[in-house]
Amino acid sequence: MADELANGRCVVAVDGPSGSGKSTVSRRLASALGAQYLDTGAMYRAVTWAVLRYGVDLADLEGITKVAGELDLAIGTDPVAPHVRADGVDVDADIRGPEVTAAVSAVAAVPAVRQLLVGQQRALIEAAGRIVVEGRDIGAVVAPDADLKVYLTASADARAKRRSLETAASVDDTHADLLRRDTLDSTRAADPLQQAADAVVLDTTAMGIDEAVARLRAMVTA
């Protein structure tokens with residue numbers, strides 16, 4: 001892996017539940033490695049934003065698939081300033097809103113949507129060469145040959161407290177929402193949230209961001 005890193009190719013797959021610190025840790029790790037960064041969850045959120053924008057019912061799988069297939073989706077992979085544009089619209093803020101958050105698990109469970117976005121994700125990974133990719137099925141599905149696979153987790157209480165600070169929602173409400181999403185995502189038929197068999201588990205419950213990034217960087221260069 002050290003030779004690959006020196007030569008410019010290195011793929012790090014980071015999976016884990018909501019609130020485990022995936023996004024912040026992955027972005028900082030990518031910056032430390034001089035790598036690109038891909039938030040696959042943002043892609044599903046962008047499709048969800050479009051589904052809601054066009055008034056498609058969440059039970060209409062064909063309608064959701066049609067929106068996903070026709071959506072002009074642009075993902076920026078600069079870890080310092082990642083961005084998402086859908087049909088030419090900057091949706092960075094909108095895809096983090098409560099409406100998208102409440103609906104994204106349903107959209108992400110549609111097999112045709114997953115097939116479409118996984119193909120796009122693999123193309124982005126191949127083009128970047130050196131990249132940190134985060135999501136819920138990266139090590140097991142999207143990039144099974146990644147140089148390093150990490151399953152980032154934390155206690156339910158820690159995850160709820162972290163996410164509530166971001167959203168200004170109560171810890172109890174956030175805890176319930178995280179449980180709902182984790183249950184939906186881990187039990188869906190297509191590419192469920194799971195730990196790859198050869199992934200390293202990193203529990204960040206008692207860790208700060210800097211320590212988590214340092215631990216992962218050491219794993220990459222070991």
Side-chain angles (χ1 to χ4, degrees), residues 1 4-5 8-31 33 35-51 64-65 67-69 71-79 82-86 95 100 104-153 181-182 184-202 216 219-220:
M1 188 183 299
E4 290 177 346
L5 183 59
R9 282 202 64 86
C10 182
V11 178
V12 179
V14 181
D15 291 300
S18 299
S20 58
K22 293 193 307 293
S23 295
T24 303
V25 169
S26 296
R27 286 179 62 181
R28 292 196 186 181
L29 177 63
S31 293
L33 296 175
Q36 298 297 297
Y37 160 75
L38 177 60
D39 176 1
T40 62
M43 299 174 73
Y44 290 100
R45 284 177 172 272
V47 172
T48 303
W49 171 86
V51 166
I64 291 173
T65 300
V67 169
L71 184 66
D72 179 11
L73 183 60
I75 303 293
T77 58
D78 181 349
H83 67 270
V84 185
R85 295 183 67 83
I95 63 173
V100 169
V104 66
S105 289
V107 173
V110 179
V113 173
R114 300 204 69 82
Q115 182 178 14
L116 174 69
L117 293 189
V118 167
Q120 294 178 13
Q121 291 155 14
R122 287 174 174 164
L124 288 166
I125 292 168
E126 181 63 27
R130 184 197 297 254
I131 191 168
V132 177
V133 190
E134 61 135 315
R136 296 190 168 218
D137 63 342
I138 309 306
V141 176
V142 178
D145 297 325
D147 299 289
L148 175 65
K149 301 176 187 178
V150 179
Y151 190 82
L152 208 64
T153 188
R181 289 187 58 204
D182 289 344
L184 289 172
D185 290 347
S186 61
T187 57
R188 66 184 176 227
D191 306 340
L193 163 65
Q194 60 182 308
Q195 174 189 329
D198 53 348
V200 177
V201 178
L202 184 63
L216 293 181
M219 292 180 196
V220 171

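Throughout, numbering of the chain's residues begins at 1 and tracks the sequence.
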- Contact summary for Val141 and Pro144, nearest pair of heavy atoms: O-CD, 3.3 Å
- Message: Check whether Ser20 reaches the backbone of Pro17 with its side chain - one donor and one acceptor, N or O, closer than 3.5 Å.
- Response: yes
- State the CG-CD distance between Leu116 and Gln121, to the nearest 0.5 angstrom. 9.5 Å
- Message: Return the OG to CG distance between Ser26 and Leu216, rounded to the nearest 0.5 Å.
- Response: 7.5 Å
- Taking only residues two or more places apart in sequence or in another chain, which ones pass side-chain hydrogen bond (donor to acceptor under 3.5 Å, both in side chains) with Gln36? Thr77
- Query: More than 12 heavy atoms of other residues, nucleotides or ligands under 6.0 Å from CD of Glu126: is that the case?
  - Reply: no
- Message: Going by side-chain contact (heavy atoms from CB on, under 4.5 Å), Leu202 matches just one of Val25, Val14, Leu152. Which one?
- Response: Leu152
- Query: How many angstroms lie between CG in Leu148 and CG in Leu29, if you round to the nearest 0.5 Å?
  - Reply: 8.0 Å
- Message: Please determine whether side chain to side chain contact (heavy atoms under 4.5 Å, CB included) holds for the pair Val220 and Asp147, giving the CA-CA distance in whole Å, both sets of side-chain angles, and the decisive distance to 0.1 Å.
- Response: CA-CA 8 Å; Val220 171; Asp147 299 289; over 6 Å; no
- Task: Would you mind listing every salt bridge (Lys or Arg N to Asp or Glu O under 4.0 Å) that reaches into residues 16-25, with sequence neighbours excluded?
- Result: none
- Message: Quick one: does any side-chain atom of Arg45 pair with a main-chain N or O of Ile95 as donor and acceptor, under 3.5 Å?
- Response: yes
- Note on the structure: In short, Gly16 meets Tyr151 closest at the heavy-atom pair CA-CE1, 3.9 Å
- Query: Do the side-chain N and O atoms of Thr40 and Arg136 include a donor-acceptor pair separated by under 3.5 angstrom?
  - Reply: no
- Any chance you could lay out the side chain to side chain contact (heavy atoms under 4.5 Å, CB included) test for Leu38 and Met43, step after step, and finish with the verdict? CA-CA 9 Å; Leu38 177 60; Met43 299 174 73; 4.2 Å; yes
- Quick one: closest heavy-atom pair of Val84 and Ala46, and the distance? CG1-CB, 3.8 Å
- Task: Report the residues that fulfil side-chain hydrogen bond (donor to acceptor under 3.5 Å, both in side chains) with Arg28, sequence neighbours left out, ordered by chain and then residue number.
- Result: Asp210
- Correct closest heavy-atom pair for Ile131 and Tyr37 would be CG1-N, 4.0 Å
- Item | Sidechain-backbone polar pair: Arg130 side chain, Cys10 backbone, donor-acceptor under 3.5 Å | no
- Task: List for me each residue that meets side-chain hydrogen bond (donor to acceptor under 3.5 Å, both in side chains) alongside Ser23, sequence neighbours excluded, and say none if there are none.
- Result: Glu134
- Task: Would you please test Leu73 and Leu117 for side chain to side chain contact (heavy atoms under 4.5 Å, CB included) and show each step?
- Result: CA-CA 10 Å; Leu73 183 60; Leu117 293 189; 4.1 Å; yes
- Query: Does the side chain of Asp137 come within less than 4.5 Å of Arg114's, by heavy atoms?
  - Reply: yes
- Of all heavy-atom pairs linking Ile64 and Val113, the shortest is CG2-CG2, 3.7 Å
- Message: For Ala196 versus Gly139, what's the shortest heavy-atom pair and its separation?
- Response: CB-C, 3.8 Å
- Message: Under the rule for side chain to side chain contact (heavy atoms under 4.5 Å, CB included), what residues qualify as partners of Ala50, not counting sequence neighbours?
- Response: Tyr54, Val67, Leu71
- Check salt bridge (charged side-chain N to carboxylate O under 4.0 Å, His left out) between Asp198 and all other residues, then give those that pass, not counting sequence neighbours. Lys149
